[in-house]
Amino acid sequence: MYVIGTAGHVDHGKSRLVRALTGIDPDRLAEEKTRGLTIDLGFAWLTLPSGREVSIVDVPGHERFIKNMLAGVGGIDLALLVVAADEGVMPQTREHLAILDLLEVGHGVVALTKRDLVDRDWLDLVEAEVQETIAKTSLRGSSIVRCSGETGDGLATLRTALDEVLEHLPPKRDVGRPRLPIDRAFTISGFGTVVTGTLIDGVLHVGDQVALVPSGSQARVRGLQNHRRNVDVAEPGTRTAVNLSGVSTSELPRGTVLTTPGWLQPTTAIDVRLRVTPDAPRPIKHNARVSFHCGAAEAQARIRLLEQEQLERDTAGWAQIRLDEPIAVARGDFFIVRATDTTIGGGRVADSPARRHRRNDPATTAALGQLLTGRADEAVLTHLQRMEPAPLAELGRRSELEAHTLRDAVERQVANETIVHLGDGPLHDASLLITTAGHAALVARARSFAQAFVDDHPLRLGIPREELRSRLGHSAKTYAALEQSFVRRGALVARGGVLDLPNRIVTLSKDQRETADRFLAALRNGGTQPPASSTIEPELLSYMEAHGEVVRVAEGLYFDPAAHEALTARIIATLAERREITLAEVRDLLRTSRKYAQAILEDLDRRRITRRVGDVRVLREAAKKAQAER
């Protein structure tokens, strides 16, 4: 289904024409009916000769209500430009045309209304003026239909002209992320909160959980209507009314976006390609204050030009919009900027949320160009560079590519070695991805941290895993994938709980070896009463522990491996016979001190051989099974 939006100067007969075409009065406010003036958005629908049903958004033409016009014109597929034959092209005709041009609405029909008020020669002159006016806009070449909303003349031709244009429009995009910019929110007795808008980019179902951005509220879809008919599914491109539960109208100002949870982020910074209108009163200067309009949203903002100090009339450039309050927009959305109640420019969103950029940086503007107009491969690579490492699903949300397009682009770049898949097997939503350059940078950092650690601790087998993760600053899940990649590619070597540089050999000096041997001899002679470890340097002790020469039971308490194995076996055998043992019984069994007996038992608990129950220890099931098998 498609949406037609009216455009044109005040009092040129837009609402009367919609009434004549549809039989529906789009003016819903009492003040509109009293004054005969459209103030806010009006809505109607129409079945065309082909049987195609379309929605119509009727917008106000008065210059004071342009912001209301902008709230409705963003989601239209075809513009119905209305020009009164008795007045011709007027100021708001031109401003509406400029807005349609900035929004790249390239399909339209011109209704030359009030033909009953003028003669044929005058009609010819006005039509020629209209053709000249639209020739430099996105509506150039549009059909012009002479008609009258009062007498009905030409309306059949107008319906046919609309039908013919819609016949050649592409199907509505469905990327699985429905968005409904809310242009009305109200309460219906017995139903509660209802919002309306034009649904884009996906479908909505009754029962869906939805997010409301930027407020962060969530709600459930209780019901859906299209053209006052209840439906279970709302398709992209339809004017949709959504009955919501769990939210009040006070939480839903115009411009709120209804969507699926988890992907659309509110932002106060947007990268854009900005175009200045030819009729702008002056160039747009760096840091200019404007009102920003996107979808149904409006916010005050400042324009940071990224390439120059000012942008001249009828030119385009890269800019960042800094908003006074957060709104919800996505890459590819069209926008309008106005100043002193005049439309001065507009364009498309290249990235949102956006980072702050250095000005006059060619790399930044090149990246923005790829995001906005580049092929899928370049867009994927540019987005990944900004968020890496990132799961495939998150990359899809940011790039806004359809699932199969995204997967194909990533697979091509993995094959071409411009993207690294940090994992095994085929791609899936949770697959972590990183650019090859980003991966190389992380490898260099990881090796640098490992080198610095072993320089400070030359007898250690490597840097502990947790320390390297902390220094790299990634979550445990991301770090695990990175570490696996580092090891698989030979950048680091895993040794137990540490990571080391490849081909690194740790050796003891002659003096260190002699010290170690003396300590080992003392441990063997000590049995269950080993000497204190304070006589040997910690680094040497770590080396001996890593190489299995000693067993660490507690801080400062080490055993000869054979002695430790024997005392552990005695405790297990006793437990297998008695089923439980106390601290005092272990002390007596091993003929050691209470301090050492407690440390030994706590170590066995940590190793999951025993567990404490009150004041006694019992064997864990795995230890029982191992003892029985002996």
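In this text the structure is predicted, and so the values were computed from the model without any measurement.
In this structure, Ala20 and Leu155 approach most closely via the heavy-atom pair CB-CD1, 3.6 Å. Nearest approach of Gly88 to Val126, heavy atoms of both residues: CA-CG1, 3.9 Å. Residues Ala328 and Val213 come closest through the heavy atom pair CB-CG1, 3.5 Å. The shortest heavy-atom contact between Arg313 and Pro278 is CD-O, 3.7 Å. Considering every non-hydrogen atom in both Thr198 and Pro181, the closest pair reads O-CD, 3.5 Å. What you find for Asn226 and Arg239 is that their closest heavy atoms are ND2-O, 2.8 Å.
Checking side-chain atoms of Arg254 against main-chain N and O of Asp183 turns up a donor-acceptor pair under 3.5 Å. In this structure a side-chain-to-backbone donor-acceptor pair under 3.5 Å is missing from Ser250 to Ser248. A side-chain donor-acceptor contact under 3.5 Å links Thr240 to the backbone of Thr238. Judged purely by atom type and a 3.5 angstrom limit, His107 has no side-chain atom pairing as donor or acceptor with the backbone of Leu78. Put simply, the side chain of Lys14 never gets that close to the backbone of Val82: no donor and acceptor are under 3.5 Å apart.
The side chain to side chain donor-acceptor pair (under 3.5 Å) test with Arg359 singles out one residue from Gln308, Glu309, Glu307, Gln320, and that residue is Glu309. Between Asp101 and the options Arg140, Lys136, Arg275, His96, a side chain to side chain donor-acceptor pair (under 3.5 Å) holds for only Arg275. When each of Val54, Ile56, Ile24, Thr22 is checked for a side-chain contact (heavy atoms from CB on, under 4.5 Å) with Trp45, only Ile24 meets the rule.
Here the straight-line distance linking atom CD1 of Ile4 with atom CG of Asp77 works out to 8.5 Å at 0.5 Å rounding. Here Asp333 contributes atom CG and Arg331 contributes atom CZ; the two are 10.0 Å apart, rounded to the nearest 0.5 Å. Here Ile344 contributes atom CD1 and Thr277 contributes atom OG1; the two are 7.5 Å apart, rounded to the nearest 0.5 Å. Ser352 contributes atom OG, which lies 8.0 Å from atom CD of Gln265 (distance to the nearest 0.5 angstrom). Going from atom CD of Glu167 over to atom OH of Tyr2 covers 8.5 Å, rounded to the nearest 0.5 Å. Distance check: Leu21 CG to Thr6 OG1 gives 11.0 Å after rounding to the nearest 0.5 Å.
Side-chain contact check for Leu102 versus Thr343: some heavy-atom pair is nearer than 4.5 Å. Between Asp124 and Arg146 there is a side-chain heavy-atom pair separated by less than 4.5 Å. At a threshold of 4.5 Å between non-hydrogen side-chain atoms, the residues Lys114 and Glu150 do not count as touching. Here the side chains of Ile182 and Leu212 are in contact, with some heavy-atom distance below 4.5 Å. For the pair Asp351/His383, a side-chain contact is recorded, criterion being any heavy-atom separation below 4.5 Å from C-beta on.
The environment of CZ in Phe191 is sparse: at most 12 heavy-atom neighbours from other residues, nucleotides or ligands sit within 6.0 Å.
Judged by the 6.0 Å and 45° rule, Arg177 forms a cation-pi pair with Trp263.
Here Arg228 pairs with nothing under the salt bridge (charged side-chain N to carboxylate O under 4.0 Å, His left out) rule; sequence neighbours left out. With sequence neighbours excluded, no residue forms a salt bridge (charged side-chain N to carboxylate O under 4.0 Å, His left out) with Glu388.
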Take Val329 and Phe335, measure what side chain to side chain contact (heavy atoms under 4.5 Å, CB included) needs, and give me the verdict at the end. CA-CA 10 Å; Val329 298; Phe335 69 92; over 6 Å; no
